[in-house]
Undergrad: 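Below is a structure I'd like to ask you about.
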Amino acid sequence: MNEEKKSLNFIEQIIEDDLANGLTQDKLRFRFPPEPNGYLHIGHAASICLNFGLGLRYNAPVNLRFDDTNPAKEEQEYVDSIKHDVQWLGFTWDKELYSSDYFQQLYDWAVEIIKNGKAYVDDQSSEEMALQKGTPTEPGTDSKNRNRSIEENLALFLKMKNGDFEEGSHVLRAKIDMKHVNMHMRDPIMYRILKRHHHRTGNDWCIYPMYDWTHGESDYLEQISHSICTLEFKSHRDLYDWYVDQVYDPAKLRPKQREFARRNLSYTVMSKRKLLQLVEEGIVTGWDDPRMPTISGLRRRGYTPESIRTFSETAGISKRDNVTDVALLEYCIKDDLNKTAPRVMAVLDPVKVVITNYPEGKEEWLTAENNQEDESAGFREVPFSREIYIEKEDFREEANKKFFRLKLGNEVRLKNAYIIKAESVVKDENGEITEIHCTYDTESLSGSGTEASQRKVKGTLHWVSIKHAVKAEVRVYDRLFTEEAPDSQKDKDFKDFLNPDSLTVLEAFVEPSLKEANVLDRFQFQRLGYFCVDKDTTEFHLVFNRTVPLRDSWAKMEE
RNA sequence: UGACCCAUGGUGUAAUGGUAGCACUCCGGUUUUUGGUAUCGUCAGUCAAGGUUCGAGUCCUUGUGGGUCAACCA
């Protein structure tokens, strides 16, 4: 009953203020506007969760709008992946829209703007125009084409549209103010000539509208009430407003742009350019490499949509630059999987144990709970026999009292099975232990209710029966970079900080029940971590990805 | 030598002029057939200096520090 009221973030605050000042709730409408030029990453997830979260909170529609105004970079493949990722995250958009849907409307409006004397065709080189643009501290100078007649502009713009000019030879510019303190207001380009095939409009157009000209008008057309973007667009706001002013009908809703800080994660990079570089240079295996901060990478790694939503919610939003500790993301997935992932046993670095007083040829199928955190998860049967594998690091010939695991002369419990005692070891010519000989307490079976079964021993180990074990490839991932903020180190390239050990491939043994596992099924390998079945799995070859290890306070004690 | 944005524990955020709180991380205790989980606890913060006010993290001024802005990218 603690009616603790959740505080509003600053965007919600703005909306509440607008509502208090007369905007009605039914006018609220949002959008998520990715450019289909790459895969979505965890930073986009923040924006997705923000926009769709607002939609849920205010019962308002949220459009998925592809900002596809640059045919040179955009592809259908990216459109498909983005739709998949948004759905996978658990959100439903109202309308699927494309900026390219508005090319004709934008063109018609541009003609009107020319007729109003607010735009002109410039045929200078981009170098000349850049020179005239000035700098943040110096005003720009007017183009020699700035005062072309309306008729001439109309004729030239038509020729641009008709493909009569070469790429790069002409642009349409808004006539605003070359001396404006805001560089974006110094006669920005509205259209450029691009003789490229567009993934949706094909070859219908050879002029394409720029982002600024497109975005506000698209928001206006869709009657988006709050157009939320990241901080680097702050200085575009003046232009956004100027463009909306050119077509605004006061009877309609006027969209407003508001900006928040993009979410950065420690030990990774987030820019599409850099992620693309990792993919193209083969540093990772693809956009969905489990080490990538992409939604598809996290999905393949074993992250749940729920955990990513919780992460976004917990990290919150603000207007300051940030680098969120990846430990928070890892906490979110561990917390989720702890409640939902079935427990199984797998040995990643095996050493053989022979239980000398266990009859040769005998096998038992023992009962094991699937999830101690969830009674409804039920039980399964796990085979036990005379020879088993345990982890190498779970045995020492000698150790101090802090070491709760198996050592000569000492007892441990095998999870869901018996208590065993290490009696001797067999070594090869190099002194490497090849077998550990143990005896077991025949009365100590877990759950049997006997006095011996209730005995307290300090350590409990996971294990697999050698005879029944299934071989599996296990891919153990570590952070991709060794530096918290790899892309903000002065004079250094982010790739200087690549972690050479970000992937370790192990040949492991897992309990037989895992033979039935399907791609993306998630498990806790007890005492080790959370793992999921990779898509590389075939009928004959099981592959697991380690999502995240369990907290290991023993490893910490060991320094 | 400009304009704009930002500044709260190690990290991410809250406090809307009135008790600086939450989560993660770190460290420690208890419980435990996972050295997991759960649970209890410890350490730790308002960039600085002035001003307004009964009262300032919050408002004002000036500094300091960080970021953004000059693609025919978005």
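Naming convention: chains lettered A, B, ... in sequence-line order (proteins, then strands); numbering from 1 in each chain.
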Undergrad: Which base sits across from B:U62 as a Watson-Crick or G-U pair, both distances under 3.5 Å?
TA: B:A48
Undergrad: Could you check whether the side chain of A:Gln372 and the base of B:U37 have a donor-acceptor pair of N or O atoms closer than 3.5 Å, going by distance alone?
TA: no
Undergrad: Select base, sugar-phosphate, or nothing to describe what A:Ser446 touches, counting heavy atoms under 4.0 Å on all strands.
TA: base
Undergrad: Using a 4.0 Å heavy-atom cut-off, does A:Leu328 contact any base of the nucleic acid, only the sugar-phosphate backbone, or nothing at all?
TA: sugar-phosphate
Undergrad: Look at all strands and tell whether A:Gln13 reaches a base, only sugar-phosphate, or nothing, counting heavy atoms closer than 4.0 Å.
TA: base
Undergrad: Is A:Tyr331 stacked against the base of B:A23, taking the criterion as centroid distance under 5.5 angstrom and interplanar angle under 30°?
TA: no
Undergrad: Any carboxylate oxygen within less than 4.0 angstrom of a Lys/Arg side-chain nitrogen, looking at A:Glu558 and A:Arg396?
TA: yes
Undergrad: The side chain of A:Met557 lies closest to which of these nucleotides: B:G36, B:A74, B:G35?
TA: B:G35
Undergrad: Rounded off to whole Å, could you give me the CZ-to-C1' distance for the A:Arg527 and B:U34 pair?
TA: 7 Å
Undergrad: Within the 4.0 Å heavy-atom criterion, would you say A:Phe403 contacts the bases, only the backbone, or no part of the nucleic acid?
TA: base
Undergrad: Can you tell me which nucleotide in B:A70, B:C73, B:U13 comes closest to the side chain of A:Arg263?
TA: B:U13
Undergrad: Are A:Tyr211 and the base of B:A74 stacked, counting only ring centres nearer than 5.5 Å and planes tilted under 30°?
TA: no
Undergrad: For A:Phe233, which contact category applies under a 4.0 Å heavy-atom criterion: base, sugar-phosphate, or nothing?
TA: base
